[in-house]
Structure formats: structure tokens, C-alpha cells
Amino acid sequence: MDPVVPVTVNLAIDGMTCAACASRIEKALARLPGVDATVNLATERARIRFAPGTTDVPTLLETVRKAGYGARELAATSREAEKSRHAENYRRELHWFWLSAALTLPLLLQMGAMFAGSHEDYLPRGWQWLLATPVQFWIGRRFYVGAWNALRGGAANMDVLVALGTSMAYLYSAVVTLFGLHRHHVYFEASAAIITLVLMGKLLEARAKGKTSGAIEKLLQLQPRQARVERNGQISGVDLASVVAGDMVVVRPGERIAVDGDVVEGASSVDESMLTGESMPLGKRVGDRVYAATQNQSGVLKIHATGVGTRSQLADIVRLVEEAQGSKAPIQRLADRISGIFVPVVLAISLVTLLGWWMVSGDFTQALVNAVAVLVIACPCALGLATPTAIAVGTGRGAQAGILVRSAEALERAEKIGIVVVDKTGTLTVGRPVVTKILPTPGCNESEVLRLAASLEQYSEHPLALAVLARSRDAGATLLPATDFEATPGLGVRAQIEGRVLFLGAPRFVADQVIAIDEDAVRQLADAGATAIVLADEQRVLGMIGIADEVRPGSASAIAQLKAMKIDVIMLTGDNRATAAAVARTLGIDRFRAEVLPGDKVAEVGRLKQTGRLVAMAGDGINDAPALAAADVSFAIGAGSDIAIESADITLMRSDLMSVVDAIRLSHSTLGKIRQNLFFAFFYNVLGIPLAALGLLNPVIAGAAMALSSVSVVTNSLLLKKWKPLKR
């Protein structure tokens, strides 16, 4: 029986003002059978997973609406529509703010005169009432609507605090004005200014939040909107939406590649920095893979399209980043618990402040002002934005550097890594055999040994033969014809070149031809981690060639960096012990296990987890899949579509271990920002609410502080954009 695959739906949510809103929507959705929902205040989205048949999208939308909020399904093609919608909403909010500011400014001049010590009404109270009323009930209508929806849904949010606080100040002032109680001061300026300042704070917050997704926007902007397609022998420019898999796409020098595909004609160098973070261009020729949004530099390429639009590598990256930005880190749980009771607690403190000051001082006006200040200074928004904004910026910045984080939880766990288990082949090494050493015997030279060996191997597909042939191509060697060719599987070859019989293969194969072998030279190559193949004629050995899976240039630096971070590094490999020991010695790895099977790797990861330290596994994401799944944090190392993006917690587009170091550094930086944000949000409320209750804060100043607190949290998160990977 096939397993049931959960359905995933993304909803855009309208009307959220604070963390309490997100928490209430999550709880409402969680009451539906089989529904798992995560609501993100920063991105204003809900990500919902449910088993097929248990619910449907209309039910989800209706549930959100009953909770007091707007909702609509986000389709894969609605990105531009959503962007336009947000831009239009921002322009509309900006107009409302300027109108509110224009009506509030005369009232603030009146307040300025009061602060200067004057008790005269420079602006008649009737005019103050006329100016404050549209701000309170027309421009501020949204707060009443939001408060009503929240209360109707069985909870309270920031709208309740703003509506209640400003209403108390406005209604008191209106009663004093309408009944001619001139000896009492009015607070029209406070109610109007608070609403104006909250609107200003929301505008600044929206603008800052828009920048948190800047990394995704930059990636998407790199993809061209048109492609040059060859159909029926004619090349023409067409919209990208009309390109399909199987089309032949022609890319000229300087153009960006529009699709994923394979090069079928031409050669060039391609800048893939947007995909991998690697600044050096890569050479591309027939048979090589290229990716959408990368830039062709020097030659004309004809590409057979295999991945177009939402099926491209770029689309996979964007989807992965969006999922990570919409997920919730465990560190946010405390903020969620507090936000759930925050508003009722603030309402209680405000009521106690009102009654306490009135009973102690007998001055109802002062008691009212202090109670309003308590309501206005409290800000659950900063608590709700502290984590998601930092996660959004951190994961976006990581994507630009070729670090794709699957979830916020994985990013948080990466900070606590104590042990990194690394696979050797393809992780610490390049993953393919290369010639590392040529040892000619007296009377021969390196070029001659290489030329003869390549001539013997020119028709072979064996990995060691391919390494010799690749080295000869790089050296520009001209191959000689070989006749009477004989191959002994697994050992070597024999052929005649220029009239003499030559042998090439394992030392024991050549030794069987009654030719003495220099065992010290064989041992020297083995100690260096290389496999020795011997070239000889019928009389003597002509030379030896060392072939090894070459260590990646950055592996040693990465190991040193991990050690400096107090992280233990353990190498596991299926290779023989001599080769493993040579690689470990070269890289400075103190602990390793050789000749292990995939199941052995899983067992070793499990044993290491019993030490109580967080264990990470870094591998190629394919043959290391069982060990990757067993680790606390898994890193899939690779490049382009050759890596299994869905197989690991963190996918590294660059094929080097230094990316693991960068991912851990990114985790430290992101979690550091989250802690700073949470500290600021808690400190702000812990300090601000008592000051207001003690009568040490004017309501207008409290409103300004509340409006700017969220902006400060988002701005602090945006500083993560300055994070950079280590230089290679």
C-alpha cells in the first residue's frame, strides 16, 4: 500500500497585527482534523499540511475568516500578483498616514505649547475635537475592526490595545469638551498622535519586512523573461512561459541562460555564482549541464532544455528558501507562549493602573492618562517579528551564498553541532581519480611515460584509464597506435607500440611478466594515498604512475576551521585503510574509520549521538543517504542538480567542506540576531510597561516607542545581510 502524501497549501493572510494574531490563526486551523499549520507574521503567510480527504482549501479559508482575518490561496504563478498587491496596499497606507499626519499636526502644536508650560488652548477645543474625530473613527477604523474580529474570535491582539487606549483618551476629551468642563485638560492630541504614530510604525515595518525577502527577489530577477529558441531551423525570441522541455535554446555571449539543460553544441565559460556562490566561471562544452539564471560569458551555446519554469534548479532553490522562511524555529516557542497571554495581562495591568492611581491620588485624569500609556506602550509585535524576520534574512542570505536551509529548526540545530562526520569520496576529495604522481625510471622522462601509458589506455573506459587519458590531454600528448591489444580484467593491459611489447597495470600484473618491481616506490605512492600502476616493456620497468582521488583544495582549511570552532571531525570511508590514513594525515583528521559500508556509517552516527553531543553528517546526499537521515543535522554537498536537495537538512551548492563551516557560521549569526531581537522585545516591554504604570511616560511618547519597537527588531534582522562566507 502506497504511503499517503500530505497536501501542502500556502495561504496569504490579511489583517495580522501581532504575534497573538498568528498564534490564534494557528490554533483555529489546528482544530481541523489532520491539519498542521504554521503562520508566519513576517511573511504574512500560512503553510498548511493535511492528509488528502480530511479537509479542503475552502474550509481552510473559511476557518481563517471566522478567526477574523482575510485569506486567499497562493498559487505558484501568483508571485507577481502578490507583489503588485503589496505595492498597492503600501501606497494606500501611505496616503492614509499623510492624511492622518496632516490632521494631527495642529494638535501636536497644541501639545508642544503645553510642554512649554502654557495651559492656554491655542487651538479651540471645538477645533481639536473636529480634527481628532476623523483620525479616531475614519482613519482609525481599522483598529476597531481588527479588535472586534479578534474579540469575536475569542482572543485579543494589538488592535484591542490601540483601540481601547485611544478611545479612552478621545472619549474623555470629548466629554470634557462637549460639557464645557474647561478646568480639565483634553487629550485629543494623544489619541490622534498615537494612531498616526502606529500607522507610521506599520509603514516602516512593512518597508523593512519587504527587504527580508530581497534575496529571493534578486534570484528571480536574474532569470531572463525571454529565450532564443530554435524551431524548424529558425531562431526566434519567445517568452519564457512558452518554452517547453525538449526545445533547443540558443544563448549568445553575455546573455543569461533561461532554462536548465544540456549543452549540445558550442563551448563557453559560465558564471554560476548566483547558484553556488562560486565566483570563478566554469568551462562548459558538449554534454555539460547548465542552469537557468546563470550567465554565459564567452561562446555561443545551444542547449537542450530539460528544466523550464517551475521545474528548474532556480525554482527549487526559491521553493526551498520560502519553505525555510515560513517554518518556525524552536527558539520561537517562548515568544509564542508569551504572546498568547500578553494582551490580557496588559489589559489587567492597565485596569490596575487606572484604579490604583485614582484611589491613591484622587485624580481621575492622571489615572486615565497613565492607564492609556500602559495600553499604548505594550507591543506584542516585536515578539512576533523577532524570530521570523531573522530567519527570513538569514536563509535568504544563505541561498545567495549557495547554502540552502530546509527549515528554521535545522538552522537552529546547526549552531549546536559538536561532531561532524564526513564522507571521504566526493566530500573531502574531488570524487574521481586523477594522476597525482609520475615516477620515471632512469633513461625515461615523465612525458614519455605518460604518452605510452595513454596510448595503451586510449580505448579503455576504466576510471584509472580515464585519469591517465585526462592527464595526457592536458599535457597535449600525441597518442600512438597500439596493436595486438590484450586486457586482463582488473589487472592491466598488454599491447605492441612502435614494434615493442608494453605492459601497463597493477604491480602484481607486471611482476607476473617476470619483471622486477621497485616495492619501495609502490609503498611510497601507497603512503601518499595513491594507487600505483606500472609501465614496463619486456626487459624493465619504464615508470610508475600514481592515481588517487585528489583532496579538494579547501578541505584542509575547512577541517582547521571546524577544529577552531571546537567541533570534532570524524572521517568515514569505504576505501582501504592505507588510502584513508593518507587522506586523514594530509587533512589533519585525527579520527577515521576505513572500509565501512553504508550500514556501518549509520551505526557509527548512532553511537556518536549517544555521547550527548549534536552530530552532523556531511556527504554527497546519495550513497550517504542512510547516515544523513540518522544524523541530527545533515549536509548534502554537491553542485547543481547532481545533489539531492530533498535529502538533507542543509544543501550546499558548492562542492567543498568549507560550505559546512559557512553554514554553521550562518547559523551562529542568525541565532545571535534572534536572541538580540528577543532580548530587545522582552526588555522593551519589561521596562516600558512599569514606567507607564508609574506615570513616567506620556501616552504620545509611549505610542512612538511602541511604533518604533517593531521597526527596530526588523532593522536589526536586516543587518544579517552583511554576513559573508569565508574567503576561499
Side-chain angles (χ1 to χ4, degrees), residues 1-78 82 145-157 159-160 310 319-344 380 383-384 387-388 391-392 406-413 629 646-647 649:
M1 184 175 179
D2 294 333
V4 177
V5 179
V7 177
T8 300
V9 174
N10 292 300
L11 303 182
I13 308 295
D14 295 325
M16 290 194 297
T17 57
C18 64
C21 299
S23 179
R24 183 164 59 259
I25 296 171
E26 282 185 356
K27 290 178 181 177
L29 290 169
R31 294 190 191 104
L32 297 174
V35 170
D36 177 29
T38 300
V39 180
N40 192 309
L41 175 64
T43 60
E44 298 178 340
R45 292 187 179 187
R47 182 174 177 79
I48 305 165
R49 291 164 60 89
F50 58 90
T54 57
T55 187
D56 52 30
V57 174
T59 302
L60 297 174
L61 295 174
E62 183 60 26
T63 300
V64 175
R65 293 187 185 111
K66 285 183 178 179
Y69 302 90
R72 59 190 180 278
E73 185 178 5
L74 283 170
T77 57
S78 66
E82 284 298 310
V145 172
W148 167 249
N149 287 335
L151 293 173
R152 188 185 62 182
N157 62 359
D159 288 329
V160 173
T310 58
R319 188 159 46 246
L320 194 65
V321 174
E322 286 182 331
E323 288 177 7
Q325 291 180 345
S327 61
K328 187 170 291 188
I331 196 173
Q332 192 176 342
R333 291 171 186 157
L334 176 61
D336 287 346
R337 287 197 295 269
I338 292 176
S339 65
I341 61 171
F342 185 86
V343 175
L383 284 172
T387 299
I391 292 293
R406 188 180 180 89
S407 67
E409 184 176 1
L411 189 65
E412 181 175 339
R413 286 201 308 267
E646 297 299 326
S647 70
D649 296 315

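All residue numbers refer to positions in the sequence shown, counting from 1.
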Using the side chain to side chain donor-acceptor pair (under 3.5 Å) criterion, which residues pair with Glu412? Sequence neighbours excluded. none
Taking only residues two or more places apart in sequence, or in another chain, which ones meet Arg49 in a side chain to side chain donor-acceptor pair (under 3.5 Å)? none
First locate atom [atom1] of [X], then atom [atom2] of [Y], and finally report the distance between them rounded to the nearest 0.5 Å.
X	Y	atom1	atom2	value
Met16	Ile25	CE	CD1	5.0 Å
Glu26	Asn40	CD	CG	9.0 Å
Ile13	Leu61	CD1	CG	8.0 Å

Which residues pass the salt bridge (charged side-chain N to carboxylate O under 4.0 Å, His left out) test with Asp14, sequence neighbours left out? Arg72
Of all the heavy-atom pairs spanning Ala37 and Ile48, show the shortest one and how long it is. CB-CG1, 4.0 Å
Where Val39 and Ala46 come nearest, the two heavy atoms and their spacing: CG2-CB, 4.0 Å
Restricting to side-chain contact (heavy atoms from CB on, under 4.5 Å), what partner residues turn up for Ala67, sequence neighbours left out? Ala28, Tyr69
Can you list every pair that meets side-chain hydrogen bond (donor to acceptor under 3.5 Å, both in side chains) and has a residue in residues 58-67, with sequence neighbours left out? Asp56-Thr59
Using side chain to side chain contact (heavy atoms under 4.5 Å, CB included) as the criterion, point out the one residue from Leu60, Leu32, Asp36 that pairs with Phe50. Leu60
